[in-house]
Every structure is written in C-alpha cells, then in structure tokens.
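One structure below.
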Amino acid sequence: NAGVTQTPKFQVLKTGQSMTLQCAQDMNHEYMSWYRQDPGMGLRLIHYSVGAGITDQGEVPNGYNVSRSTTEDFPLRLLSAAPSQTSVYFCASSRRATGTAMNTEAFFGQGTRLTVV
Amino acid sequence: AQSVAQPEDQVNVAEGNPLTVKCTYSVSGNPYLFWYVQYPNRGLQFLLKYITGDNLVKGSYGFEAEFNKSQTSFHLKKPSALVSDSALYFCAVRGYGNNRLAFGKGNQVVVIP
C-alpha cells in the first residue's frame with residue numbers, strides 16, 4: 001500500500017514554462033486536494049475534488065489547473081510558471097467527509113519542491 | 001468560513017519537560033479537529049483527531065490533545081518532550097458538511113537536549 005505518491009520530488013522551471021505535478025493514491029479515496037506550503041503561511045488550498053469528474057477551486061487557484069479523470073489520479077498543471085509559484089506542493093487524499101465519517105483524516109504525499117527562476 | 005490560529009511561531013522546550021502547542025479554531029457548528037506533524041523535507045503525518053465527547057484525545061508517539069469548547073481550543077500536549085519531537089506541527093479544522101481542511105500556519109517545536 002503506497003498511500004499518496006507525488007512526482008517529481010524536485011523541479012526547476014523557467015518563467016513561462018508549463019508542467020504537470022503528478023499525484024496518485026491507492027486507497028480508493030474520493031476526496032483529493034492540492035496545497036502549497038510557503039514559510040509562515042501554513043498550507044493553502046489550491047484545488048480539490050470530491051470524485052472523478054468533479055473539481056473545484058480552493059483559496060489560491062490562479063495559475064493552476066486540475067482534472068480528475070479517475071479516482072486514483074489528480075494531476076496539478078501549472079499553465080505558465082511564475083516566480084511566485086516557487087513553493088512546496090502537497091497532494092492529499094481522504095475518504096469523503098460525510099455523516100459519521102466527518103472526522104476522517106487526510107493522507108499526504110511527500111511533496112514536490114518547485115523552484116521557478 | 002473555517003479557520004485555525006496557531007499563535008506562536010516557535011516553541012522551545014527542554015528535553016524531558018512538558019510540551020504544549022496551542023491551537024484555536026473558528027467554525028460553524030461542530031468542529032472536526034486534527035493535528036499533523038512535519039519532519040524536515042517530508043510530508044505531513046497524522047498525529048491525532050478530536051473524537052466527539054472526548055475532551056482529552058490520545059494519539060501517536062505519546063501525544064495527546066485537549067479540546068475546550070468554551071475556549072474554542074484544541075491544544076497539543078506531550079508530558080515529556082524528546083529531542084526527536086523537534087518538527088513543525090500543524091493544527092487543522094473541518095466544518096460539518098465540508099470536506100475541506102483549513103490549516104494553521106504551523107508551529108516549529110525545538111526540543112533542547
């Protein structure tokens with residue numbers, strides 16, 4: 001059971017380039033999300049999905065796209081990288097929080113450290 | 001809207017002394033509260049979560065958390081800190097009917113040998 005797997009672990013991009021951060025989970029979780037972590041700002045939600053074919057925006061969605069074609073995968077696309085997108089990106093998954101499962105915990109990947117120069 | 005405040009940037013404690021990391025929350029309705037720990041260059045690891053009706057919740061690695069509804073707090077505690085507890089700790093909250101987790105900014109804990 002691998003849990004949540006993110007690739008790549010490190011990436012350097014030039015301003016204006018695009019790339020996709022991969023995230024896969026093998027726990028059959030319905031809910032998946034992407035966060036960015038910046039010093040002193042905690043984790044901020046970028047996009048999330050409650051199931052295949054359903055995505056929505058979080059707090060800081062600008063400059064990012066997502067899609068959810070399968071339960072397992074939730075890639076994050078940077079459309080045109082900017083230095084402000086230099087950050088550590090985390091993917092998380094959980095059961096859908098509903099009814100008696102409202103306190104279900106999230107599982108996190110190991111993160112992708114992205115530098116945009 | 002749901003939010004979490006972790007008022008201290010860094011907590012320094014001597015090895016063997018009690019450790020407390022503070023967290024207050026704001027949410028409509030019942031809160032669903034969590035603590036996570038992050039070691040350097042790693043992802044977040046789940047420590048514990050609030051169970052409705054239990055004001056003292058026990059979790060991994062000897063950690064526990066005290067829920068106080070009147071003070072809207074969920075402070076993380078450990079009776080005797082270890083050097084290996086040095087890490088970044090995050091409090092998170094989810095409101096009823098909401099999948100989204102809101103995180104605090106994190107507290108760096110430094111345990112001094």
Side-chain angles (χ1 to χ4, degrees), chain A residues 2-7 9-10 23 25 27 29-51 54-61 68 74 88-113, chain B residues 1-10 21 23 25 27-54 57 59-60 63 65 67 74 87-108:
Chain A
V4 180
T5 303
Q6 287 184 239
T7 55
K9 288 188 169 51
F10 302 95
C23 175
Q25 54 92 8
M27 297 172 281
H29 285 164
E30 294 168 289
Y31 184 75
M32 296 185 74
S33 53
W34 277 100
Y35 292 87
R36 59 177 289 173
Q37 181 182 21
D38 302 292
M41 302 191 73
L43 276 75
R44 292 181 293 169
L45 183 65
I46 305 172
H47 284 284
Y48 64 96
S49 168
V50 297
I54 307 169
T55 64
D56 208 344
Q57 296 181 351
E59 302 170 64
V60 288
R68 185 96 179 267
F74 190 45
V88 181
Y89 292 84
F90 288 101
C91 179
S93 76
S94 71
R95 294 167 53 197
R96 195 160 178 176
T98 181
T100 56
M102 278 306 304
N103 65 347
T104 188
E105 64 268 27
F107 295 81
F108 283 79
Q110 293 298 297
T112 296
R113 186 173 294 273
Chain B
Q2 52 201 35
S3 65
V4 160
Q6 294 182 248
E8 299 159 319
D9 288 333
Q10 182 163 312
V21 188
C23 170
Y25 65 88
V27 71
S28 298
N30 290 332
Y32 298 90
L33 294 153
F34 306 82
W35 276 101
Y36 285 84
V37 61
Q38 184 183 31
Y39 297 101
N41 301 313
R42 303 295 298 275
L44 276 71
Q45 296 178 28
F46 169 74
L47 268 182
L48 54 78
K49 62 185 176 185
Y50 171 58
I51 308 293
T52 304
D54 289 347
V57 180
S60 305
F63 283 93
F67 173 73
F74 190 56
L88 188 57
Y89 291 81
F90 288 96
C91 183
V93 69
R94 173 190 289 137
Y96 186 79
N98 196 338
N99 281 282
R100 299 167 59 162
L101 275 175
F103 283 84
K105 62 179 172 60
N107 281 124
Q108 184 67 49

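Chain identifiers are assigned alphabetically (A, B, ...) following the order of the sequence lines, protein sequences preceding nucleic acid strands; residue numbering begins at 1 within each chain.
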Is Gln108(B) close to chain A through its backbone or its side chain, or both, or neither, when contacts mean heavy atoms under 4.5 Å? neither
Side chain from CB out, backbone as N, CA, C, O: work out which of these in Asp9(B) comes under 4.5 Å of a heavy atom of chain A, or both, or neither. neither
Is chain B contacted by the side chain of [X], its backbone, both, or neither, given a heavy-atom distance below 4.5 Å?
{"X": "Arg113(A)", "result": "side chain"}
{"X": "Gln37(A)", "result": "side chain"}
{"X": "Met41(A)", "result": "backbone"}

Using a cut-off of under 4.5 Å on heavy-atom pairs, state which of Gly111(A), Ser33(A), Ala106(A), Cys91(A) scores highest against chain B. Ala106(A)
Rounded to the nearest 0.5 Å, how far apart are CG of Leu101(B) and OH of Tyr31(A)? 7.0 Å
Taken to the nearest 0.5 Å, the spacing of Leu33(B) CG from Asn103(A) CG works out to 10.0 Å
Tell me if a side-chain donor or acceptor on Arg94(B) pairs with a main-chain N or O of Thr104(A) at a distance below 3.5 Å. yes
Which atom of [X] lies closest to which atom of [Y], heavy atoms considered:
{"X": "Phe108(A)", "Y": "Leu44(B)", "answer": "CB-O, 3.6 Å"}
{"X": "Glu105(A)", "Y": "Phe34(B)", "answer": "CA-CE2, 3.8 Å"}
{"X": "Ala97(A)", "Y": "Asn99(B)", "answer": "N-OD1, 2.7 Å"}

4.5 Å side-chain heavy-atom contact, Arg42(B) and Gln110(A): yes
Going by heavy atoms in the side chains, are Arg100(B) and Asp56(A) under 4.5 Å from each other? no
From the list Tyr50(B), Phe46(B), Tyr96(B), the residue making the most non-hydrogen contacts under 4.5 Å with chain A is Phe46(B)
List the steps, then state whether side-chain contact (heavy atoms from CB on, under 4.5 Å) holds for Phe90(B) with Leu43(A). CA-CA 9 Å; Phe90(B) 288 96; Leu43(A) 276 75; 3.6 Å; yes
